[in-house]
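Structure record follows, encoded as structure tokens.
Because the structure is predicted, anything quoted here is derived from the model rather than measured. Excluded from the calculations below are hydrogen atoms, water molecules and symmetry mates; all remaining heavy atoms, backbone and side chain alike, are included.
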Amino acid sequence: MPDHAPQPVDRQLPTDEARDLISLVREIAQREIAPHAAEEEDAGHFPRELFTLLSESGLLGLPYDSEYGGGDQPYEVYLQVLEELAAARLTVGLGVSVHSLSCHALAQYGSKERQAEYLPAMLGGGLLGAYGLSEPSSGSDAASLRTKAVREGGGTSRSSEAESGGDWVLHGTKAWITHGGIADFYTVMARTGGEGARGITAFLVPGDAEGLSAAVPEKKMGMKGSPTAQIHLDGVRISDDRRIGDEGQGFAIALSALDSGRLGIAACAIGLAQAALDEAVAYASGRLQFGRPIADFQGLRFMLADMATQIEAGRALYLAAARLRDAGRPFSKQAAMAKLHCTDTAMKVTTDAVQVLGGYGYTADFPVERYMREAKVLQIVEGTNQIQRMVIARHLAGPESR
């Protein structure tokens with residue numbers, strides 16, 4: 001019988017440096033991540049030591065400026081790194097994506113002084129970030145968030161950081177926070193003005209700030225190794241130099257971060273789907289029924305062909321969006337399309353992988369049942385797929401009538 005071991009994805013990478021980077025990621029994935037994934041997910045263990053290794057290897061700040069400890073890599077390359085990590089273990093790939101999302105606000109909207117002060121540790125100093133937008137009563141309707149930040153002392157300017165000053169005191173609760181309770185810093189959106197999107201401001205909150213606490217992590221159907229928890233801000237006091245951007249600019253900053261973050265989710269989804277396909281092909285090629293491998297039967301061969309085709313389409317879609325971003329062109333619509341298609345693909349492919357394995361696919365002896373449980377959350381995080389359809393439709397037909 002021919003060897004049907006999974007083969008690495010044949011990637012079109014722009015530079016020799018990028019090819020070397022992917023080789024490094026594959027080595028780490030095969031040696032350090034994949035062998036322990038099933039056991040640690042079952043135990044609910046978050047692999048903080050892996051994130052320390054990834055930071056030391058320069059993999060936690062890939063799309064950011066090397067001046068501040070980043071990797072100077074285009075999104076086209078960074079996303080393929082995420083895909084490789086997610087294929088080995090979604091908790092790791094998604095964790096890197098969330099960390100990158102948490103750095104976006106300061107890297108894109110912070111002052112040069114604050115970037116020089118905080119970014120090196122965030123991007124390459126072993127720190128782990130979390131992103132605080134959602135709340136118990138504001139998920140898809142993020143602009144209705146209630147967490148408040150009140151200024152005490154200093155000026156009253158609504159513009160530049162240099163003209164204001166004083167401290168901010170934050171009160172409220174954030175929900176569904178990946179890395180909640182273990183993060184070293186949180187990018188938090190809080191209300192500093194009136195109702196709606198224009199009253200929101202972004203802040204960089206230390207993970208050990210007095211008054212910041214985490215609830216018991218949520219009990220989830222998948223990704224048990226990745227802690228998701230509410231974060232309580234009870235009189236958290238931070239200096240004004242931890243405000244990111246202008247007062248009232250926070251919601252625009254949040255949306256900008258989410259456009260990029262959705263591409264990260266898309267890449268992770270394709271990595272997960274690829275892992276499921278590889279498992280299904282290997283099983284179907286070795287499982288004998290009626291005297292021959294089940295991969296010989298047309299009905300199953302067509303399933304595998306459809307799975308592979310949808311994965312390739314998703315990969316092409318997220319890479320096309322990434323290249324728009326790298327070129328400085330608008331990519332919001334394409335990011336929504338990529339997130340929608342790739343996460344729906346992950347759900348379909350992992351479900352089909354369970355079917356290919358039959359009864360064995362429903363047991364924890366094989367990873368496809370875990371892949372299926374993990375895929376579901378990707379259709380929900382960073383904007384549900386129903387929200388993605390709304391975003392795409394607005395680009396096509398304009399805002400909804402009121």
Quick check for you: to the nearest 0.5 Å, what is the distance between [X] atom [atom1] and [Y] atom [atom2]?
| X | Y | atom1 | atom2 | result |
| --- | --- | --- | --- | --- |
| Ile311 | Ile270 | CD1 | CD1 | 6.5 Å |
| Gln334 | Leu263 | CD | CG | 9.5 Å |
| Leu85 | Cys268 | CG | SG | 8.0 Å |
| Thr345 | Asp306 | OG1 | CG | 11.0 Å |
| Leu94 | Arg89 | CG | CZ | 11.5 Å |
| Leu101 | Leu133 | CG | CG | 9.0 Å |

Any sub-3.5 Å donor-acceptor pair from [X]'s side-chain atoms to [Y]'s backbone N or O?
| X | Y | result |
| --- | --- | --- |
| Asp240 | Gly166 | no |
| Arg287 | Pro293 | no |
| Thr309 | Ala305 | yes |
| Lys339 | Leu378 | yes |
| Gln115 | Gly110 | yes |
| Ser66 | Gly69 | no |
| Glu374 | Gly222 | no |
| Thr363 | Tyr360 | yes |
| Glu152 | Trp168 | no |
| Arg191 | Ala149 | no |

For [Y], is there an ion pair with [X] - N to carboxylate O distance below 4.0 angstrom?
| X | Y | result |
| --- | --- | --- |
| Arg242 | Asp167 | no |
| Glu76 | Arg323 | yes |
| Glu84 | Arg26 | yes |
| Asp344 | Arg389 | yes |
| Glu247 | Arg151 | yes |

Give a yes-or-no answer on whether the side chains of [X] and [Y] include a donor-acceptor pair shorter than 3.5 Å.
| X | Y | answer |
| --- | --- | --- |
| Gln274 | Asp278 | yes |
| Ser226 | Thr91 | no |
| Gln379 | Thr384 | no |
| Lys174 | Ser134 | no |
| Glu135 | Thr147 | yes |
| Asp234 | Ser213 | no |
| Asp141 | Ser138 | no |
| Tyr318 | Glu83 | yes |

Are more than 12 heavy atoms from other residues, nucleotides or ligands located less than 6.0 Å from atom [atom1] of [X]?
| X | atom1 | answer |
| --- | --- | --- |
| Glu17 | CD | no |
| Lys220 | NZ | yes |
| Glu210 | CD | no |
| Gln355 | CD | no |
| Arg48 | CZ | yes |
| Arg31 | CZ | yes |

- Query: Taking it one step at a time, do Val77 and Tyr75 satisfy side-chain contact (heavy atoms from CB on, under 4.5 Å)?
  - Reply: CA-CA 5 Å; Val77 173; Tyr75 242 65; over 6 Å; no
Which pair of heavy atoms, one from [X] and one from [Y], lies closest together, and at what distance?
| X | Y | result |
| --- | --- | --- |
| Ala269 | Cys342 | CB-O, 3.4 Å |
| Ala273 | Ala346 | CB-CA, 4.0 Å |
| Thr187 | Ser102 | OG1-O, 2.6 Å |
| Gly129 | His99 | N-ND1, 3.0 Å |
| Ala88 | Ala37 | O-CB, 3.7 Å |
| Pro399 | Arg394 | CA-CG, 4.3 Å |

Could you go step by step and tell me if Val354 and Thr351 meet the side-chain contact (heavy atoms from CB on, under 4.5 Å) rule? CA-CA 5 Å; Val354 171; Thr351 302; 5.8 Å; no
When you compare the side chain of [Y] with that of [X], does any pair of heavy atoms fall below 4.5 Å?
| X | Y | value |
| --- | --- | --- |
| Ser260 | Arg325 | yes |
| Ile28 | Ser57 | yes |
| Tyr131 | Met189 | yes |
| Met122 | Leu204 | yes |
| Leu59 | Leu21 | yes |
| Pro206 | Phe185 | no |
| Leu53 | Glu32 | yes |
| Ile177 | Gln230 | no |

Inset, instruction - Using the side-chain contact (heavy atoms from CB on, under 4.5 Å) rule, take Thr350 and Val368 through it: C-alpha gap first, then chi angles, then the decisive distance, then the call. - result: CA-CA 6 Å; Thr350 56; Val368 291; over 6 Å; no
From the list Gln12, Gln73, Arg11, side chain to side chain donor-acceptor pair (under 3.5 Å) partner of Gln80 resolves to Arg11
Before we go on, tell me: are the rings of [X] and [Y] under 6.0 Å apart, centre to centre?
| X | Y | result |
| --- | --- | --- |
| His104 | Tyr64 | no |
| Phe366 | Tyr283 | yes |
| Phe46 | Phe51 | yes |

- Message: Could you go through Lys348 and Asp352, starting from their C-alpha distance and side-chain angles, then the distance that decides it, and tell me whether this counts as salt bridge (Lys or Arg N to Asp or Glu O under 4.0 Å)?
- Response: CA-CA 6 Å; Lys348 181 66 166 63; Asp352 285 348; 2.6 Å; yes
Cation-pi check, Arg292 onto Phe297 ring (under 6.0 Å, within 45° of axis)
yes
Could you walk me through whether Val236 and Val169 pass the side-chain contact (heavy atoms from CB on, under 4.5 Å) test, one step at a time?
CA-CA 5 Å; Val236 172; Val169 180; over 6 Å; no
